[in-house]
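Read the structure below first, then the notes.
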Amino acid sequence: MGVYRVTAAAGFVCAVLLVVNSARRAGLLPETAFTHAIAPFGALTGLLAITGIYLIVRGTAGGLGLIGYVLNSAGLAGAFAIEYILHFVFPYLGGGTVSELLAGGTGRAFLVTSAVLLAGVLTFSVAAIRSGAMPAVGVVLYAVGMVPGSLRNVVPVPVYLAGLVVAAIGVAWMAARLWRAEEELVARPSRMTGVRPTA
């Protein structure tokens, strides 16, 4: 598998995890050790998918695309860390300790991460649309969904969860484009030489 197909697969996994996480938070799926264990990996697989998308758009996205990619990647990496803390650290601390952490530096770090993620999503989405290399509808769905998805502590929970589902659709849409890009890359030598590539 080439890099486009690997990152496309990561995008599909990310979309599934976002929907599963939303369903769990909404009470549509049970709270189990497994659903908690996989929750943080939505952000991590999203980071891999965004990397593949940037490789597609970088030729026409320019400096704005690079800035958006860096911010979006940093925000997703921070979101992975936050989800890891929420699922594997906070449950083992007392409620008073968690409240103190959120009222201090930990809470400020969470807020900065949300701001970086939001700025990165919007900047990267604008660059991706301008590049013309990604499906505009998929990019818009990703951006629209990730606005509340980046602001989990500000927006109502139903809005946050709905945003994650919308973002999942957008990620899957762009992942499909990544998958096709790999097929086009493999087919290119055969068009140039007239020889069908071997498996």
Side-chain angles (χ1 to χ4, degrees), residues 1 3 5-53 71-118 120-121 138 141-176 178-179:
M1 291 177 68
V3 63
R5 193 154 287 180
V6 170
T7 53
F12 291 129
V13 173
C14 173
V16 171
L17 290 176
L18 289 177
V19 172
V20 169
N21 289 343
S22 298
R24 177 182 58 80
R25 289 284 303 275
L28 302 177
L29 286 178
E31 297 269 0
T32 66
F34 176 73
T35 56
H36 275 282
I38 64 174
F41 293 96
L44 187 60
T45 52
L47 174 57
L48 295 175
I50 287 296
T51 299
I53 293 167
L71 290 174
N72 202 346
S73 297
L76 288 171
F80 172 70
I82 290 173
E83 289 293 331
Y84 190 91
I85 291 170
L86 293 177
H87 288 85
F88 297 111
V89 178
F90 279 4
Y92 302 100
L93 301 177
T97 301
V98 171
S99 297
E100 289 178 10
L101 290 172
L102 293 177
T106 301
R108 288 191 293 272
F110 285 9
L111 182 60
V112 170
T113 299
S114 295
V116 170
L117 179 57
L118 179 59
V121 165
L141 288 174
Y142 170 69
V144 169
M146 284 303 294
V147 169
S150 303
L151 304 172
R152 62 183 300 160
N153 294 325
V154 178
V155 300
V157 172
V159 175
Y160 166 70
L161 298 180
L164 292 184
V165 173
V166 171
I169 297 171
V171 170
W173 203 315
M174 292 188 288
L178 277 174
W179 193 271

For Leu178 and Ile53, run side-chain contact (heavy atoms from CB on, under 4.5 Å): C-alpha distance rounded to whole Å, both residues' side-chain angles, the deciding distance at 0.1 Å, then the answer.
-> CA-CA 7 Å; Leu178 277 174; Ile53 293 167; 3.9 Å; yes

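- With a 4.5 Å cut-off on side-chain heavy atoms, Trp173 and Leu141 count as touching.
- Considering CG of Leu151 and OH of Tyr160, their distance stands at 10.5 Å, rounded to 0.5 Å.
- Applying the side-chain contact (heavy atoms from CB on, under 4.5 Å) test between Leu117 and each of Val112, Ile82, Leu76 identifies Leu76 as the sole match.
- Leu102 has its side chain within reach of Phe90: a pair of non-hydrogen atoms, C-beta onward, lies under 4.5 Å apart.
- Taken to the nearest 0.5 Å, the CG atom of Leu17 stands 11.5 Å off from the CG atom of Leu164.
- Side chain of Thr7 to main chain of Leu48: no donor-acceptor pair is present (N/O by atom type, distance under 3.5 Å, no hydrogens or angles).
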Test side-chain contact (heavy atoms from CB on, under 4.5 Å) applied to Leu44 and Tyr84, step by step | CA-CA 11 Å; Leu44 187 60; Tyr84 190 91; over 6 Å; no

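- Residues Ala168 and Val19 approach most closely at CB-CG2, 3.8 Å, considering heavy atoms.
- Side-chain contact between Leu101 and Leu93 is present, with heavy atoms from C-beta onward closer than 4.5 Å.
- How far CG of Leu18 is from CZ of Phe41: 14.0 Å, rounded to the nearest 0.5 Å.
- Residue Pro91 comes nearest to Leu86 through the heavy atom pair CD-O, 3.2 Å, listed as atom of the first residue, atom of the second, then distance.
- When all heavy atoms of Ala8 and Trp179 are compared, the pair lying nearest together is CB-N, 3.7 Å.
- Residue His36 holds its NE2 atom at 10.0 Å from CG of Asn21, rounded to the nearest 0.5 Å.
- Residues Pro40 and Glu83 approach most closely at CA-CB, 3.6 Å, considering heavy atoms.
- Between Arg24 and Ile38 there is no side-chain heavy-atom pair separated by less than 4.5 Å.
- Closest of all the heavy-atom pairs between Ala37 and Phe88 is CA-CZ, 3.6 Å.
- Between Ala49 and Ala10, the closest heavy-atom pair is N-CB, 4.3 Å.
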